[in-house]
Amino acid sequence: MPELPEVEFVARQLRDDLVGRRIRRAEVFWPRAIQGLGVPEFEAGLAGRVVTAIGRRGKYLLIYLDDGAVLLVHRRMSGNLRLAASDEDEPYVRVAVTLDDGRRLLYTDPRKFGRLALARAEELPALFAALGPEPLDPSFTVEALAARLAGRRGPIKAALVDQSVVAGLGNIYADEALFRAGIHPLRPASSLDPAEVAALHMGIVGVLRAGIEHGGTTFSRYRDAYGESGTNRQHLEVYQRTGEPCIRCGTPIERIVVGQRGTHFCPSCQRARPFSGTGQARRRRAT
DNA sequence: CTATAAACCTGCTGGC
DNA sequence: TGCCAGCAGGTTTATA
């Protein structure tokens with residue numbers, strides 16, 4: 001599942017390789033992947049344009065064009081963007097963008113959940129009005145996180161994957177951030193004390209930075225712009241580790257469902273209520 | 001307003 | 001060995 005680190009890593013790759021290139025033509029093979037415009041208008045809107053910049057907002061990849069338009073790509077569950085040589089092909093190609101040097105930017109997506117859209121750059125603020133702060137931006141402070149969590153009665157895990165609270169966290173990094181902070185996923189979001197919010201802030205920023213550093217988390221699908229897997233999976237501490245020993249205390253990792261999503265946590269390191277344990281386990285801080 | 005649930009999709013897993 | 005129900009989850013839309 002592409003989350004912020006997977007989108008950011010590919011954005012950096014495409015920035016090096018795509019900026020300055022002219023688009024020869026675009027072909028849509030799965031019309032429902034295009035949002036807003038009809039397929040002919042979408043294809044015509046890309047043909048002949050030069051890529052001027054690459055950006056990212058939350059899980060959206062932004063490809064800026066020389067006429068003031070922006071191509072938005074959201075990969076949802078199984079989408080990938082791959083820069084392929086002219087003679088290379090891939091399965092599940094939904095959209096193909098041919099560049100002036102013959103290479104193709106391929107949007108592949110077995111599940112067909114991902115969406116592409118073409119917008120004017122000046123429309124972006126309105127389009128992203130409901131998105132929360134960028135967690136790697138300096139403006140994302142402990143206070144900013146606390147303000148977003150205040151008044152929310154649902155579980156903290158559900159709040160973290162809500163894009164209006166923080167932009168870019170998905171199921172993997174939300175579970176990882178809660179583990180680093182030592183917070184139980186079912187804790188009401190508004191019940192965290194200031195120290196816990198600070199620990200969670202550090203956890204969020206930490207897991208996202210690590211994810212980018214390791215080229216993203218690959219389970220079955222995610223690949224980068226050159227078709228390579230990310231290595232962050234081997235650095236995950238709870239996600240998809242059900243039954244395996246906690247790296248901190250050895251207790252088997254548990255899996256529950258929170259807000260319709262599989263949620264992984266250590267029942268010893270992440271207590272349901274602070275200081276409500278048997279006294280057997282010590283509270284520890286992630287370093 | 002908040003919040004919960006279904007729908008969108010198809011490859012993969014696990015049970016029999 | 002083979003079949004198939006059910007799971008996986010980001011976002012939008014619908015409903016309570």
Side-chain angles (χ1 to χ4, degrees), chain A residues 1-8 10 28-37 56-62 72-81 90-95 107-117 119 124 126-132 134-135 147-178 185-191 204 207-208 211 216-223 229-230 232-233 236 238-244 253-265:
Chain A
M1 298 70 74
E3 303 179 27
L4 187 152
E6 290 74 34
V7 181
E8 177 63 25
V10 168
V28 175
F29 303 107
W30 174 251
R32 294 180 65 179
I34 308 305
Q35 217 165 29
L37 286 179
R56 180 192 57 75
R57 179 75 172 95
K59 300 170 189 171
Y60 289 88
L61 180 79
L62 309 173
L72 293 84
V73 182
H74 197 303
R75 294 145 64 192
R76 297 274 179 93
M77 300 298 300
S78 60
N80 274 315
L81 275 175
E90 287 254 336
Y92 310 113
V93 174
R94 309 305 182 194
V95 179
Y107 179 71
T108 65
D109 191 355
R111 303 279 297 277
K112 299 178 175 174
F113 275 20
R115 295 290 180 263
L116 287 75
L124 292 182
L127 288 173
F128 295 144
L131 278 187
E134 279 295 319
R148 293 280 173 167
L149 296 179
R152 291 191 64 106
R153 289 195 303 187
I156 183 64
K157 166 65 187 285
L160 289 184
V161 297
D162 184 334
Q163 300 301 291
S164 70
V165 173
V166 184
L169 281 179
N171 214 31
I172 298 173
Y173 294 98
D175 282 3
E176 294 296 315
L178 285 171
L186 285 176
R187 285 280 304 284
S190 56
S191 76
I204 291 170
V207 296
L208 293 177
T217 302
T218 296
F219 273 93
S220 56
R221 291 260 122 82
Y222 164 73
R223 299 290 187 277
S229 295
N232 196 57
R233 180 177 183 171
L236 297 183
V238 286
Y239 188 80
Q240 286 291 318
R241 293 192 66 245
T242 310
E244 295 176 38
I253 300 301
E254 286 184 13
R255 180 187 188 277
I256 58 176
V257 174
V258 181
Q260 297 175 297
R261 291 178 176 90
T263 298
H264 314 75
F265 70 105

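In what follows, chains are A, B, ... by sequence order, proteins preceding strands, each numbered from 1.
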Roughly, in whole Å, what's the span from [atom1] in [X] to [atom2] in [N]?
X: A/Arg223; N: B/dG11; atom1: CZ; atom2: P; result: 15 Å
X: A/Glu3; N: C/dA8; atom1: CD; atom2: C1'; result: 13 Å
X: A/Lys112; N: C/dA8; atom1: NZ; atom2: C1'; result: 18 Å
X: A/His74; N: B/dC8; atom1: NE2; atom2: C1'; result: 14 Å
X: A/Arg115; N: C/dG10; atom1: CZ; atom2: P; result: 15 Å
X: A/Asp175; N: C/dG10; atom1: CG; atom2: P; result: 10 Å
X: A/Leu131; N: C/dT11; atom1: CG; atom2: C1'; result: 11 Å
X: A/Tyr92; N: B/dT10; atom1: OH; atom2: P; result: 10 Å

Counting only side-chain heavy atoms from C-beta out, which of C/dA8, B/dC9, C/dG10 sits nearest to A/Tyr239?
C/dA8

Testing B/dG11, B/dC8, C/dG10 for proximity to the side chain of A/Pro110, the answer is B/dG11

Residue list, side-chain hydrogen bond (donor to acceptor under 3.5 Å, both in side chains) with [X], at least two apart or on another chain:
X: A/Asp162; result: A/Arg152, A/Ser164
X: A/Thr263; result: A/Lys157
X: A/Arg148; result: none
X: A/Tyr107; result: A/Asp109

Under the ring-ring contact (aromatic ring centres under 6.0 Å, His included) test, which residues partner A/Tyr222, sequence neighbours left out?
none

The ring-ring contact (aromatic ring centres under 6.0 Å, His included) partners of A/Phe128 (sequence neighbours excluded) come to A/Tyr60

Heavy atoms within less than 4.0 Å of DNA chain B: which residues of residues 153-172 of chain A have one? Give them sorted by number.
A/Arg153, A/Gly154

I'd like to check the salt bridge (charged side-chain N to carboxylate O under 4.0 Å, His left out) partners of A/Arg56; sequence neighbours left out, ordered by chain and number.
A/Glu8, A/Glu134

What residues form a salt bridge (charged side-chain N to carboxylate O under 4.0 Å, His left out) with A/Arg261, not counting sequence neighbours?
none

Side chains of A/Pro5 and A/Asn232 in contact at under 4.5 Å (non-hydrogen atoms):
no

Do you know the tightest heavy-atom contact between A/Ala117 and A/Gln35?
CB-O, 3.8 Å

For A/Leu4 versus A/Ala167, what's the shortest heavy-atom pair and its separation?
CD1-O, 3.7 Å

What distance do [X] atom [atom1] and [Y] atom [atom2] have between them, rounded to the nearest 0.5 Å?
X: A/Leu169; Y: A/Glu176; atom1: CG; atom2: CD; value: 11.5 Å
X: A/Thr217; Y: A/Ile172; atom1: OG1; atom2: CD1; value: 5.0 Å
X: A/Ile253; Y: A/His264; atom1: CD1; atom2: NE2; value: 9.5 Å

Grab the N/O contacts between the protein and nucleotides 12-16 of chain C below 3.5 Å, and write none if there aren't any.
none

Residues from residues 254-264 of chain A sitting under 4.0 Å of DNA chain C, heavy atoms only?
A/Arg255, A/Arg261, A/Gly262

Between which residue ranges does DNA chain B form stems of three or more consecutive Watson-Crick or G-U wobble pairs, both distances under 3.5 Å?
B:2-16 with C:2-16

